[in-house]
Each structure stands twice: as C-alpha cells, then as structure tokens.
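Working notes, structure below.
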Protein chains: 2
Amino acid sequence: MLIHPLTGALLPGVPMRTASSDPHYLSCLQDYYARWRCIPAYEKLRRILHLASRSAVGKVLERLRLQGFLERTPDGDWVPARRFFERFVAGQHVQAGQPAPDTEAGLTTLLLDDLLVETPSRTLLLTVRGDSMSGANIFEGDVVIVERQATALPGEIVVAAVDGELTVKRLDRDAEGWLLRPENPAYPVLRPAGALELMGVVTGLARRLRRGA
Amino acid sequence: MLIHPLTGALLPGVPMRTASSDPHYLSCLQDYYARWRCIPAYEKLRRILHLASRSAVGKVLERLRLQGFLERTPDGDWVPARRFFERFVAGQHVQAGQPAPDTEAGLTTLLLDDLLVETPSRTLLLTVRGDSMSGANIFEGDVVIVERQATALPGEIVVAAVDGELTVKRLDRDAEGWLLRPENPAYPVLRPAGALELMGVVTGLARRLRRGA
DNA sequence: CCGTTTGGAGTACAAATGTTCACTTTTAGC
DNA sequence: GCTAAAAGTGAACATTTGTACTCCAAACGG
C-alpha cells in the first residue's frame with residue numbers, strides 16, 4: 001500500500017510488498033523512537049507503519065527481531081536492540097567523491113548517556129582537577145563517569161576521599177595494604193592512613209574539545 | 001527520604017512514605033530504562049516499584065511528570081523527559097570522616113549530551129580506529145563527537161574523507177596548501193590530492209573505561 | 001505457465017490495560 | 001495529640017492489547 005504524495009490518502013491495491021520494505025518500516029520506527037524514546041503498542045504502530053491490520057504489525061516486528069533490530073523484554077514488550085541504533089553512529093567508510101554520509105535526522109538520538117551510563121541510579125559525574133592521572137589519559141577538565149560502589153579491584157581507576165577531598169587514582173595493593181597510585185611520576189603514591197574511603201569506580205570519560213573556539 | 005550522595009544508601013531514620021520517596025521510584029525507573037529502553041505498562045511498573053496497586057503507579061508517574069522527569073506522547077504513553085537523563089555532579093570536597101556533606105542544594109545536575117553536543121542536528125558520532133592521534137590523547141575505541149561542517153580552521157581536529165575512508169587528523173596548512181597531520185610520529189602527514197573532503201570538526205570525546213571488567 | 005513463498009488483511013477472543021472512585025494509612029504542621 | 005494533606009490500597013469497568021487463525025494477492029523460480 002502506498003500513500004498519496006499530496007493527500008496522504010492510502011492507495012489500495014498498489015503493490016509495495018517486498019522483502020526490502022522492511023528497511024522502510026525500520027526507518028519509521030527509528031524516527032518515532034527518536035522523537036519519543038519508546039516503541040508504542042500495536043495499534044499505534046499500525047498507524048505509524050501505515051498498515052491495515054495489527055497482525056501485519058506483529059509480523060513486521062517479528063521480522064525485525066530476527067534481523068536483530070528489536071528484541072523483547074522478559075515481559076514481552078518490544079524494545080530496540082543494539083542494531084537498532086547502528087545507523088546513528090557514522091560508518092567508517094565513505095564513498096569517494098560523496099563525502100556526506102547519511103544525513104538522516106536521527107543521528108542525535110543515540111544518547112551519549114546510553115553509551116556511558118549503565119546504572120543511572122548509582123552513577124554521577126566528577127570534573128577532574130590536576131594532571132595526576134595523565135598517564136592514564138585523564139586530564140584536567142575531563143568529566144569522569146563514576147559508578148558508586150564501596151569496593152573495587154586492584155588496577156581499577158577509582159574515586160576516593162583523601163583528606164576530605166575527592167581524588168581520582170588507580171587502586172592497587174601490596175603487602176602493606178591498599179594504595180592509590182597516580183599515573184604521573186610527579187605525584188606521590190597515596191597510602192590511606194585508616195580505612196580507604198572509596199566513592200566508586202570510573203567507568204567512562206567525557207571531554208570537551210575546541211573549548212575556546 | 002534522602003539518598004546518600006556517595007554511598008547511595010537510603011538515609012536511615014527517614015520515613016519511607018514521603019514526597020521525597022519519589023527519587024527512589026525515579027531511580028528504579030531509570031535503571032529499568034537503562035536496561036530495556038522503555039517504560040513498561042502499569043502492572044510491570046507496579047512490580048518494579050514494589051507497589052501494591054496499579055492506581056498508585058499512576059499517581060507516582062503523574063508526580064514524576066509534574067517534576068519534569070516524564071512526559072506523555074499524544075497517545076498517552078509514558079516516555080522519559082529531558083530531566084530523566086540528568087546526572088548528579090559530585091562536589092570536589094568531602095568532609096573528613098563524614099563523606100556526605102552536600103545536601104541536595106549543593107548537588108548540581110548535568111546532561112551528558114548537553115555537555116558534549118551543541119548542535120544536535122549537525123552532530124554525529126564516530127568510533128576511532130587506530131592510534132594515529134594518540135598525541136592528542138585520542139585513542140582506538142574512543143567515540144568522537146563530530147560537528148558536521150565543510151570548513152575548519154588550521155589547528156582544529158577534523159574528520160575528513162581520505163581515499164573513501166573517514167579519518168581523524170589535525171588540520172593544518174602551509175605554503176603548498178592544506179594538510180592533515182596525525183599526532184603520532186609513526187604516521188605520515190597526509191596531503192590531499194584534490195579538494196579536501198571535510199566532514200566536520202571534532203568537538204568532544206567519549207570513552208568507556210573498564211570495558212573488560 | 002503453475003505451484004510455492006511471502007507480505008499483508010480481516011476476524012475473533014482471552015488477557016491485560018489505564019482510569020475512576022471510595023477507602024485506609026501515614027506524614028507533617030500546628 | 002489532632003487534623004488535613006499526602007501516599008497508597010483495592011475493586012470495578014470499558015477499552016485496548018497481543019496473538020492465533022483463515023484467507024488473499026503479488027512476487028518468485030523454475
């Protein structure tokens with residue numbers, strides 16, 4: 001079924017059924033998701049996809065699931081799967097002579113949050129001061145994503161409270177106990193006097209470039 | 001009820017049922033959304049929020065809507081609003097011995113996307129391959145935030161199409177014309193044969209740490 | 001040309017949904 | 001303590017939901 005370009009009316013009887021119409025359905029879904037961040041119920045999907053029957057909606061969704069664009073929660077709800085967001089990150093290759101990649105309007109819908117935050121309720125941000133972790137490529141002004149937890153493994157980059165101040169260091173331990181290693185020879189290794197006050201583990205990093213411009 | 005900004009523990013002695021238990025409901029919702037990318041139906045929400053009645057769910061959602069965390073589609077479906085994705089920014093200082101100083105007033109929030117994206121419609125993401133920009137502290141696997149534009153200034157880090165492949169380099173120019181400098185002596189300077197096919201300027205960086213753990 | 005496959009329409013129905021309403025419990029202000 | 005507001009319960013109900021089923025027409029592959 002096609003849609004009249006001017007009136008928007010459905011043109012019955014016009015063939016459009018081919019395996020390659022799934023990409024079109026997918027685009028509709030992606031656009032809707034970009035706007036509202038949800039996959040609606042069958043009846044609404046029926047309208048969005050311009051289908052006449054809910055059963056057709058079910059078949060479309062099932063096909064998209066087999067292709068890896070959608071999945072279902074344990075409760076049976078439809079949710080976007082990893083592949084659903086793929087097109088929002090630019091591909092590595094571009095046709096020579098045609099340097100503009102897909103300029104679809106949905107590029108921004110991949111929330112950077114989704115990339116960087118796994119457990120929102122335990123996640124907070126911290127702006128890095130100083131260059132004591134430059135060896136780990138974390139610099140002054142960077143914003144680190146911290147997942148709150150009381151314990152961590154040696155080798156992880158953690159945020160800890162030292163002398164009432166939060167600091168980012170690499171956690172390590174030796175025969176004498178826990179220690180916080182800066183990744184910059186200009187700074188001393190910290191050995192907490194009492195208990196180690198761990199705030200959480202650094203799970204990600206966000207940096208603004210081109211600050212002045 | 002307050003939530004300890006560092007440990008995340010619910011502060012004891014504070015009764016459970018109060019207007020400020022909404023943060024707890026919000027956290028549950030945020031975590032569920034981070035996992036499945038949808039707001040489920042009332043009956044499922046009832047279980048997630050540990051409520052006994054669906055009507056209570058409705059009231060919670062309505063409260064969160066008034067606070068700006070949720071909104072509704074024209075069809076009435078619940079969807080996350082802007083504030084839903086904001087994160088707390090930790091203060092730099094912590095009281096020694098009592099690492100929970102800043103009350104709600106001191107805590108600010110920040111949307112990661114706001115931090116990194118200025119012009120959503122012209123912004124896209126690109127995963128970095130190779131270590132040719134390690135001197136600028138951009139490494140394999142990092143995601144760069146690219147603002148699409150056809151021109152750039154010398155000294156800016158840009159994304160350009162070279163031989164049909166996207167590459168991240170620092171833009172420069174000399175007497176002979178434009179050139180693309182890697183920030184790694186192991187790589188050669190690129191001098192585009194014809195016109196320089198510029199895709200955009202790198203305005204930010206996102207990195208996931210602790211990938212394996 | 002004909003049978004098969006595929007994408008969709010249409011119908012039917014048990015189950016689930018969102019909302020309302022009256023009611024109870026808890027909390028906060030005085 | 002007393003009281004009013006806030007938060008949550010539980011039942012009721014019209015609507016909507018997802019799915020199973022049959023049927024149909026176009027596309028496909030010899």
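All chains are named by letter (A, B, ...) in the order of the sequence lines, taking the proteins before the strands, and each is independently numbered beginning at 1.
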For this session: Would you tell me if any nitrogen or oxygen in the side chain of Tyr25(A) comes within less than 4.0 Å of OP1 or OP2 on dG8(C)?
Result: yes
Exercise. Checking only heavy atoms, does the side chain of Ser55(A) share a donor-acceptor pair with the base of dG10(C) at less than 3.5 Å?
Worked result: yes
Problem set entry | Length of the CD-P vector between Glu43(B) and dG18(D), whole Å | 15 Å
Problem set entry | Glu156(A) with Arg210(B): basic N within carboxylate O range, under 4.0 Å | yes
For this session: Round to the nearest Å and state the distance from Glu62(A) atom CD to dA20(D) atom C1'.
Result: 14 Å
Exercise. Are Asp142(B) and Arg208(B) within salt-bridge range, i.e. N to O under 4.0 Å?
Worked result: no
Seminar exercise, completed: Separation of dG10(D) atom C1' from Lys59(B) atom NZ, nearest Å, is 11 Å
Exercise. Ala56(B) near the nucleic acid: base, sugar-phosphate alone, or nothing, with a heavy-atom cut-off under 4.0 Å?
Worked result: base
Seminar exercise, completed: Comparing nearest nucleotides in DNA chain C, the 5'-proximal residue of the pair Arg54(A), Arg54(B) is Arg54(A)
For this session: May I have the distance from Arg46(B) (atom CZ) to dT17(C) (atom P), rounded to whole angstrom?
Result: 10 Å
For this session: For dG18(C), take OP1 and OP2 only and decide whether either is under 4.0 Å from a side-chain N or O of Arg72(B).
Result: no
Problem set entry | Leu45(A) CG - dA9(C) C1' separation (whole Å) | 17 Å
Exercise. Is there a side-chain polar atom (N or O) of Arg63(B) under 4.0 Å from OP1 or OP2 of dG8(D)?
Worked result: yes
For this session: Counting heavy atoms from C-beta on, name the nucleotide in dG18(C), dG10(D), dG8(C) closest to the side chain of Ser53(A).
Result: dG8(C)
Seminar exercise, completed: Per atom distances to the Ala52(B) side chain, the nearest of dG8(C), dG10(D), dA22(C) is dG10(D)
Exercise. For Leu66(A) and dG7(C), what is the distance between atoms CG and P respectively, to the nearest whole Å?
Worked result: 11 Å
Problem set entry | Phosphate contact (dT19(D) OP1 or OP2) by Tyr42(A) side-chain N/O below 4.0 Å | yes
Exercise. Could you give the CG-to-P distance, from Leu49(A) to dG8(C), as a whole number of Å?
Worked result: 10 Å
Problem set entry | Nucleotide dT9(D), atom P - distance to CZ of Arg47(B) in whole Å | 15 Å
Exercise. Are the charged groups of Arg65(B) and Glu71(B) less than 4.0 angstrom apart, N to O?
Worked result: no
Exercise. Does atom CD of Glu118(A) have more than 12 heavy-atom neighbours, drawn from other residues, nucleotides or ligands, at distances under 6.0 Å?
Worked result: no
For this session: Using a strict cut-off of less than 4.0 Å between a Lys/Arg side-chain nitrogen and an Asp/Glu carboxylate oxygen, indicate whether Lys44(A) and Asp75(B) qualify as a salt bridge.
Result: no
